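See structure below.
All heavy atoms count here, side chains included; hydrogens, waters and symmetry mates do not. Quick caveat, the model's predicted, so the values are computed rather than measured.
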Amino acid sequence: MEMEARYRILEGISNCVPENGSGEDEENLLQNFLPLRSYAKLADPKNFLITGGRGSGKTELFRILTSCGGLRHVISEKDRKRYTGLQEQEFLTGYIATGLGAKAFPTANSCDDLLKIEKPDNLTSFWGGLVCSVILRKFREDREFRELADHYFGAETRKILEQDSNEVSKWWNVLDVRKEKWESFLDQADTVLEKRDIHICLVYDELDRICGNYENLFLFIRSLLDFWYRHNSRYTHVKAKIFLRSDLYNAKALQFVDASKMGAYRLELNWDTHSLYRLLVKRMANAGVVEMEVYLKEVPGLLQTEADGALGYLPGNSEEAFRLLINKMIGQYMGKNAKRGISYTWVPNHIQDANGETAPRAFLKCFAFAAEEMLNHKSDVSLLEENRILLPTRLQGAVAKVSADRVQELTQEEYQWLQNLIGRLSGKTMLMGSDEFLRYLEPENWPAAERDKLPGKTNVEILEVLVTLGIVMRTADERINIPEIYLHGFGLKRKGGIKRPK
C-alpha cells in the first residue's frame, strides 16, 4: 500500500470520534449512528426507562429521537411491522439540561432552591407541571388545548406554563396544592390526542444535572420514575422515554416503592465486542475517505453493498469479517505470538470497566488516538507490513490516553469530587488492601466545603458508589483493584504488564 493512502486512512480513523466526545456531530449525526437490534424495544410503549453507562450512547439516541425523525432510523423495517402507530409518534423533549431546548426547563439552582424553600415530600407536581408545559407549548395555537388548560388551571397559570416553565417558583405552588387539576388536564389531553390519533412521547436526558446536591438528585429522579411508573399505562397517547445512567439507577439512594418492578419497563444499553466493531467499521466507512472505502470493501462481507441514504454505509453482521479486518489492520496478535494477546479481543478487554462493560466512546477513541500517534510519528508507518495500518504498540499506548481522557471527563463534569481522591492515589500501586484504600476515602480528607458534594457520608458509602460506577472492584481475597480504563487516569501503577511507548 502506498504511504499516502495509509496517511489518508489514518486521518480518517483519527476523526472517527468528534471532538465533543461522542457521536453528536450535528452534520454527521445519522452517519455516525449505528442502530442496534436491541433498540427495537424502544418501539414498545411500555418501555419507558433506558439505562446505560457513561459513553454508552444515551445522548446520541436522545438526539436521534428528538431531532432525526424519531424511530425511523433507530429500528429496522422488519421490527417496525411489529408495532403500530410509529409513523404518527412525535418525540418531544421532556427535560434536558444543556443545548437546544434546555431554556424551557428550570436550572439546577432553581431546583436546589425549590427543595430549600418548599421542602416537598415528593416532586410529583414538579414533573407533572413540566409534562403540562411541554404539551401546552406543543399545542400553543390549538384552541381545544388552551380551553382545557384554562378550565383546569386558569388562563394565568396556562400562560406561565407556556412561556415561563423554567421559572418553577411561578407555578409550583399552584399545581402542588391542586394536584387533581393537572392530573385531570393530562387525562383529558390524552383523550383529545387519542381522538385525533396523535401519539407523543416525552424524552428525558441529562437528569444527573438537574440539581447540584448529590442526595437531592435522587429525589428528583425517584419522583420522575415513580410518575411514569404510575402514568405510562394510564395514558394511551402520551408516553415517555427516560435516559438514565446505570450507576444512578443502581444506586442504593434511588430505591423506592415499586423499584423492584421497574425491570419490566427498562432497556439496558449494552455493547458486546461484535457491536463495537460494527460501530468502528460504520464510522470508518462514512469518514468520507475514498482510500478507506476501498480498504474496507476488500474484506468480504464487511459492508453492505451500497450506502443506505441518511445512515450512510452500514456494516454487515459477519464476525469473521471483523476479525479479518483487524488482522489486516494490526495483525493477528499484539506481538509475535498469542502471548501478548489476540488483536481482535485486546482492545475490548483492556477498556472494560469493573462491571465488565465497554463504552463505545472509549473503544472508538482507542483507535482514534492510536491513529493520531501513527501520524505524529510517521516513521512508524514505514515499519508496517503489507496492508497494515496500526502498530500494536500504538494501541497499547492509546489505552493509557483513553484512561486519562475518561477520568478527565468524570472530574470535569458530575464527579468533580474524584479529583481530590486522584491526588491522594497518584503514584500508588494496585492491588491494594481494603483497609488502606478505605483510609483514602475518609470524608475528612476532603475540604469541609466539598463534603456535601460527596456521594456518601462515610468511606464505606463512597466505596460502594465507586463499585457501582465500575471504577473499583473487589477481588476474591477482599483486595481493591482498578481496571485499566481508570488505572492510568488515576495515576496508579500495576506490577508487570506491557511497557507503553513514550
Given side chain to side chain contact (heavy atoms under 4.5 Å, CB included), test Leu65 with Leu71 step by step and report yes or no.
-> CA-CA 6 Å; Leu65 291 175; Leu71 294 170; 3.7 Å; yes
Side chain of Arg494, backbone of Ile482: donor and acceptor closer than 3.5 Å?
-> yes
Contacts of Leu100 that satisfy side-chain contact (heavy atoms from CB on, under 4.5 Å) - sequence neighbours left out = none
Is Arg283 close to Leu279 at the side-chain level, that is, under 4.5 Å between some pair of heavy atoms?
-> yes
By salt bridge (charged side-chain N to carboxylate O under 4.0 Å, His left out), Glu385 pairs with (sequence neighbours left out) Arg388
Measuring from Leu244:CG to Leu207:CG, what's the distance to the nearest 0.5 Å?
-> 6.0 Å
Test salt bridge (charged side-chain N to carboxylate O under 4.0 Å, His left out) applied to Asp353 - qualifying residues, sequence neighbours left out = none
Distance-only donor-acceptor check, side chains Glu268 and Thr51, under 3.5 Å = yes
Charged N-O contact under 4.0 Å between Glu464 and Arg474 = yes
Under the salt bridge (charged side-chain N to carboxylate O under 4.0 Å, His left out) test, residues paired with Glu293 that sit two or more places apart = none
So Trp228 and Tyr204, would you call those rings parallel, tilted or perpendicular, with 30° and 60° as cut-offs?
-> perpendicular
Checking Glu206 side chain against Ala97 main chain: does a donor-acceptor pair fall under 3.5 Å?
-> yes
Can you find a pair of side-chain heavy atoms, one from Leu276 and one from Val347, that are under 4.5 Å apart?
-> no
Applying side-chain contact (heavy atoms from CB on, under 4.5 Å), name anything that partners Glu372, two or more places apart in sequence or on another chain.
-> Ser14, Phe369, Lys401
Rounding to 0.5 Å, atoms CD1 (Ile75) and CZ (Arg37) come to a distance of 10.0 Å
Listed partners of Lys58 passing side-chain contact (heavy atoms from CB on, under 4.5 Å), at least two apart = Ser56, Phe243, Arg245, Leu269
State, with a plain yes or no, whether a side-chain heavy atom of Met374 is found less than 4.5 Å away from one of Arg6.
-> no
Throw together a table of side-chain donor-acceptor distances under 3.5 angstrom for residues 319-327, partners on residues two or more places apart or in other chains.
from   : atom 1 : to     : atom 2 : distance (Å)
Glu319 : OE2    : Tyr344 : OH     : 3.3
Asn327 : ND2    : Arg323 : O      : 3.4

Would you check if Phe363 and Val17 make a side-chain contact, meaning some heavy-atom pair closer than 4.5 Å?
-> no
Heavy-atom check, side chain of Glu484 versus side chain of Ile351, under 4.5 Å = no
Which atoms form the tightest heavy-atom contact between Gly12 and Ala287, and what is the distance?
-> O-CB, 4.2 Å
Straight-line distance of Leu225 CG to Asn232 CG, nearest 0.5 Å | 11.5 Å
Could you tell me whether a side-chain N or O of Ser343 sits under 3.5 Å from a main-chain N or O of Gln332, the two making a donor and an acceptor?
-> yes
Ring pair (Phe, Tyr, Trp, His ring centres under 6.0 Å) filter on Phe62, not counting sequence neighbours, yields none
Of all heavy-atom pairs linking Ala104 and Ser165, the shortest is O-OG, 2.6 Å
Which residues share a salt bridge (charged side-chain N to carboxylate O under 4.0 Å, His left out) with Arg137, sequence neighbours left out | none
Does the pair Phe220 and Cys211 meet the rule for a side chain to side chain contact (heavy atoms under 4.5 Å, CB included), with working shown?
-> CA-CA 8 Å; Phe220 280 98; Cys211 66; 4.1 Å; yes
What is the minimum heavy-atom distance between His73 and Pro35, and which atoms define it?
-> O-CG, 3.4 Å
His237: what forms a ring pair (Phe, Tyr, Trp, His ring centres under 6.0 Å) with it, not counting sequence neighbours?
-> His199
Does the side chain of Asp272 pick up a donor-acceptor pair with the side chain of Ser275 at under 3.5 Å?
-> yes
Side chains of Lys195 and Val192: does their closest heavy-atom pair fall under 4.5 Å?
-> no
For Gln408, does its backbone N or O pair with a side-chain atom of Thr411 as donor and acceptor, under 3.5 Å?
-> yes
Under 6.0 Å from the six-membered ring centre of Tyr313 and within 45° of its axis: does the NZ or CZ of Lys297 meet both?
-> no
Hey, mind stepping through Ile210 and Leu224 against side chain to side chain contact (heavy atoms under 4.5 Å, CB included) and telling me if it holds?
-> CA-CA 12 Å; Ile210 197 167; Leu224 176 63; over 6 Å; no
Taking Asn47 for the side chain and Lys41 for the main chain, is one N or O donor matched with an acceptor at less than 3.5 Å?
-> yes
Taking all non-hydrogen atoms of both residues into account, name the closest pair between Met292 and Ile13 and its distance.
-> CE-N, 3.6 Å
Donor-acceptor under 3.5 Å (Asn355 side chain, Glu357 main chain) = no
Return yes if a side-chain donor-acceptor contact under 3.5 Å exists between Thr59 and Asp205, otherwise no.
-> yes
So CG of Leu311 and CG of Asn286: to nearest 0.5 Å the spacing works out to 8.5 Å
Taking atom CZ of Arg234 as the centre, report whether more than 12 heavy atoms of other residues, nucleotides or ligands fall under 6.0 Å from it.
-> no
May I ask you to decide if Glu11's main-chain N or O and Asn15's side chain share a donor-acceptor pair within less than 3.5 Å?
-> yes
So, Lys282 side chain and Gln31 main chain: donor-acceptor pair closer than 3.5 Å or not?
-> yes
How would you list, by chain and number, every residue that makes a ring pair (Phe, Tyr, Trp, His ring centres under 6.0 Å) with Tyr333, sequence neighbours excluded?
-> none
Give, for atom CG of Asn270 and atom OG1 of Thr358, the distance between the pair rounded to the nearest 0.5 Å.
-> 10.0 Å
Mind checking whether Val465 and Leu469 have side chains closer than 4.5 Å, heavy atoms only?
-> yes
Just say parallel, tilted or perpendicular for the rings of Trp346 and His350, cut-offs at 30° and 60°.
-> parallel
Excluding sequence neighbours, so at least two apart, what forms ring pair (Phe, Tyr, Trp, His ring centres under 6.0 Å) with Phe91?
-> none
Main-chain N/O of Val238 paired with Asp190 side-chain donor or acceptor, under 3.5 Å = yes
Minimum side-chain heavy-atom gap Phe490-Lys428 below 4.5 Å | no
In this structure, CG of Leu61 is separated from CZ of Phe33 (nearest 0.5 Å) by 5.0 Å
Identify the heavy atoms of Tyr229 and Met262 that sit nearest to each other, and give their distance.
-> CD1-SD, 3.9 Å
Tell me, yes or no, whether the heavy-atom count around Leu383 atom CG, taken from other residues, nucleotides or ligands under 6.0 Å, exceeds 12.
-> yes
Mind listing the closest non-hydrogen atom pair of Ile330 and Pro392 along with its distance?
-> CG2-CG, 3.9 Å
For the side chain of Tyr486 and the backbone of Gly470, is there at least one donor-acceptor N/O pair under 3.5 Å apart?
-> no
